[in-house]
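In what follows, a single structure is set out as structure tokens and then discussed.
Indexing begins at 1, ligand by ligand and atom by atom, following the structure's order.
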Amino acid sequence: MATATNNIVILGAGVSGLTTAYLLSKDAANSITVIAKHMPGDYDIEYTSPWAGANFLPYVSQGVGKSGSEHERWERDTWPTLQELTEKHPEAGIHFQESIVYNRTKDQGSATGEWFAELVQKDPWYKNVVPDYQDIPASQLAPGISNASKFTSVCINTAIYLPWLVSQCLKHGVIFKRAVLKHVAAAAIHHHNGQPADVVVNCTGLSSRKLGGVLDDKLYPARGQIVVVRNDPGKMVSISGTDDGEDEVVYVMTRAAGGGTIIGGSYQKDQWDPLPDLNLATRIMKRAVKLCPELVGEGQGIEGLDVIRHGVGLRPIREGGPRIEGEMVEGVAVVHNYGHGGFGYQASFGCSRDAVRLVQEALRRKDRAKL
Ligand SMILES: Cc1cc2nc3c(=O)[nH]c(=O)nc-3n(C[C@H](O)[C@H](O)[C@H](O)COP(=O)(O)OP(=O)(O)OC[C@H]3O[C@@H](n4cnc5c(N)ncnc54)[C@H](O)[C@@H]3O)c2cc1C
Ligand SMILES: *[C@@H]1O[C@H](CO)[C@@H](O)[C@H](O)[C@H]1NC(C)=O
Ligand SMILES: *[C@@H]1O[C@H](CO)[C@@H](O)[C@H](O)[C@H]1NC(C)=O
Ligand SMILES: *[C@@H]1O[C@H](CO)[C@@H](O)[C@H](O)[C@H]1NC(C)=O
């Protein structure tokens, strides 16, 4: 008996679309086309994934992410895969890095404090998920810092990892096409074999706000400005807040394989400006050097930073959390997987596995309808 061919179109080639395509492509019965306006290699304000750090630091976003939540399940489910890729697939461009997280009691209730609440929690859910978790004794903390912890996390070089996902997909026969679609239902006629798609997976990130058939007004950006530098402090650091306003943050992480160090940042809700604000960039660099003096030589300030580039990405935040669900849109079975805020990488495998289950359900419904 010949295996049935499932025609699947995936819209979007960010980390969400590529991870979903990668997982689905492992089943030889799936024939997959990925359609996107932007592909790995592009840098554009409408394409969030290349701008991410990216590391694994469990956050709360819009009230989701608390321990026991679905969000926790997605991240819990993603860590082992990131760990395995780091250990067994150096060509994926991910490495382990020590991560230090600082807590300031005074950030309680602020925008960034809320965002960091789960991360800086006493006995957080991820304590036994990531390796080497430990509290740093109060006696070792600088003035102004209330608590700190450290653990082993990963830092993903997105310039290597996104193309790696594409390569894995290509190896499994996935076809990539550039197109800009106005409506999710239009994706159904874009399968490379000319037949209508059985399922369309919608991984359009922030653009889902404008996509015909979706028009999700629960989506909004949290603007993240970063500076990429050549300096390497040899560790990652982040803190629950700054004294420069509620929507400014500090974090430092070094990407694998010569990817440079990302210093951030900001979490500016409803801000769409694609251009780096150079005053903000100066504050970002000053804060980073203060929190992580190992970035520069002894006694140096921001003049000790060797800047590669400034950048801005828009985190696709969705009120109530990401949308991972199936629906029929004008007769087309659609599975949505968008709205991953600031956690698109660290929740990527958990979210995409859920999307894959929904695709499988839609295919089973389709097969039953054919009987
Ligand atoms: C500064 C910054 C730092 C971050 N750090 C981290 C981190 O450390 N860890 C972490 O886990 N996450 C981090 N994130 C969040 C992460 O980057 C996002 O959650 C993730 O990239 C979202 O990916 P996505 O695939 O959903 O969307 P995107 O990457 O935006 O991809 C959307 C895709 O859909 C395509 N598309 C959209 N509309 C259409 C259309 N109509 N027709 C055709 N194609 C279309 C686009 O071209 C693109 O290919 C960070 C984000 C920023 C901005
Ligand atoms: C960090 O501070 C918050 C208050 O801002 C507090 O709720 C939390 O318990 C603190 N974390 C630790 C480890 O004490
Ligand atoms: C965190 O710091 C606060 C303020 O100093 C303190 O009350 C609290 O006990 C600390 N938490 C832990 C887990 O030590
Ligand atoms: C994908 O979801 C977004 C957000 O809801 C929507 O705007 C868009 O039309 C959807 N695309 C498809 C192909 O369903």
Side-chain angles (χ1 to χ4, degrees), residues 10-20 34-40 42 44-59 61 75 78 82 101-110 113-114 116-124 135-138 141 145-149 153-156 158 162 177-184 186-187 190 202-212 214 221-226 236 238 240-241 249 251 253 262 264-267 311-318 322 337-348 351-352:
I10 295 174
L11 191 55
V15 67
S16 307
L18 294 176
T19 309
T20 308
V34 174
I35 299 172
K37 181 172 177 183
H38 307 94
M39 294 280 181
D42 298 346
D44 193 286
I45 194 67
E46 290 180 13
Y47 186 31
T48 307
S49 293
W51 299 109
N55 63 5
F56 183 96
L57 292 185
Y59 293 122
S61 179
E75 292 182 348
T78 300
L82 291 179
V101 175
Y102 297 107
N103 190 25
R104 304 192 311 175
T105 310
K106 69 173 175 185
D107 294 323
Q108 185 156 32
S110 75
E114 290 284 299
F116 269 66
E118 193 59 37
L119 186 66
V120 299
Q121 191 70 262
K122 187 172 151 56
D123 294 324
D135 293 318
I136 299 175
L141 302 178
I145 309 275
S146 319
N147 328 91
S149 60
S153 182
V154 287
C155 188
I156 302 172
T158 65
L162 296 170
K177 291 207 285 189
R178 289 261 188 184
V180 182
L181 298 190
K182 293 218 164 60
H183 197 283
V184 66
H190 272 73
N202 184 7
C203 304
T204 50
L206 192 58
S207 299
S208 292
R209 197 183 145 98
K210 299 181 286 197
L211 190 57
V214 188
R223 182 179 181 276
Q225 183 169 320
I226 52 150
M236 296 197 255
S238 45
S240 56
V249 290
Y251 60 83
M253 64 180 100
I262 307 289
S266 66
Y267 198 81
V312 175
L314 302 179
R315 302 176 183 88
I317 313 282
R318 186 168 181 272
N337 183 12
Y338 64 79
H340 300 91
F343 48 85
Y345 285 84
Q346 67 195 30
S348 58
C351 292
S352 295

Query raised in the report: What is the distance from atom CG of D42 to atom OG of S49, rounded to the nearest 0.5 Å?
Result: 11.5 Å
**Report entry** Atoms of ligand 1 close to G341 [distance to a heavy atom under 4.0 angstrom, numbered from 1]
**Finding:** 15 (C), 16 (C), 18 (C), 19 (O)
Requested in this report: Verify, without hydrogens or angle tests, whether T158 (side chain) and P50 (backbone) share a donor-acceptor contact under 3.5 angstrom.
Outcome: yes
For ligand 2, find each of its N or O atoms that sits under 3.5 Å from a protein N or O atom, and tabulate the pairs with distances to one decimal place.
from     : atom 1 : to   : atom 2 : distance (Å)
ligand 2 : 2 (O)  : N103 : OD1    : 3.2
ligand 2 : 2 (O)  : N103 : ND2    : 2.4
ligand 2 : 5 (O)  : T105 : O      : 3.3
ligand 2 : 11 (N) : N103 : ND2    : 2.8
ligand 2 : 11 (N) : V120 : O      : 2.7
ligand 2 : 14 (O) : N147 : OD1    : 3.3
ligand 2 : 14 (O) : N147 : ND2    : 3.3

Query raised in the report: For ligand 1, which atoms, with element, lie under 4.0 Å from some heavy atom of S207?
Result: 37 (C), 38 (N)
Report task. State if Y267 counts as touching ligand 1 under the rule of any non-hydrogen atom under 4.0 Å. Result -> no
**Report entry** R178 side chain to K37 backbone, donor-acceptor under 3.5 Å
**Finding:** yes
Requested in this report: Would you mind running through ligand 1 and noting each atom that sits below 4.0 Å from a heavy atom of G313?
Outcome: 53 (C)
Query - Shortest heavy-atom approach to atom 5 (N) of ligand 1 - which of P316, G53, A36 - result: G53
**Report entry** For C203, atoms of ligand 1 separated by under 4.0 Å from a heavy atom
**Finding:** 32 (C), 33 (C), 34 (O)
Query raised in the report: Of all the heavy atoms in G264, does at least one lie under 4.0 Å from an atom in ligand 1?
Result: no
Query - Atom indices of ligand 1 within 4.0 angstrom of Y251 heavy atoms, with elements - result: 1 (C), 3 (C)
Query raised in the report: For ligand 1, which atoms have a heavy atom of H340 less than 4.0 angstrom away?
Result: 19 (O), 26 (O)
Query raised in the report: Does Y338 have a non-hydrogen atom less than 4.0 Å from ligand 1?
Result: no
Requested in this report: Check each atom of ligand 1 against the heavy atoms of I226 and keep those under 4.0 Å away; list them by number with element.
Outcome: 1 (C)
Query raised in the report: L181 near ligand 1, heavy-atom distance under 4.0 Å?
Result: yes
Report task. Show which atoms of ligand 1 fall inside a sub-4.0 Å distance from at least one heavy-atom site of G205. Result -> 26 (O), 27 (O)
Requested in this report: Examine distances only and state if a side-chain atom of S266 and a backbone atom of R223 form a donor-acceptor pair shorter than 3.5 Å.
Outcome: yes
Query raised in the report: Could a heavy atom of G265 be found less than 4.0 Å from some atom of ligand 1?
Result: no
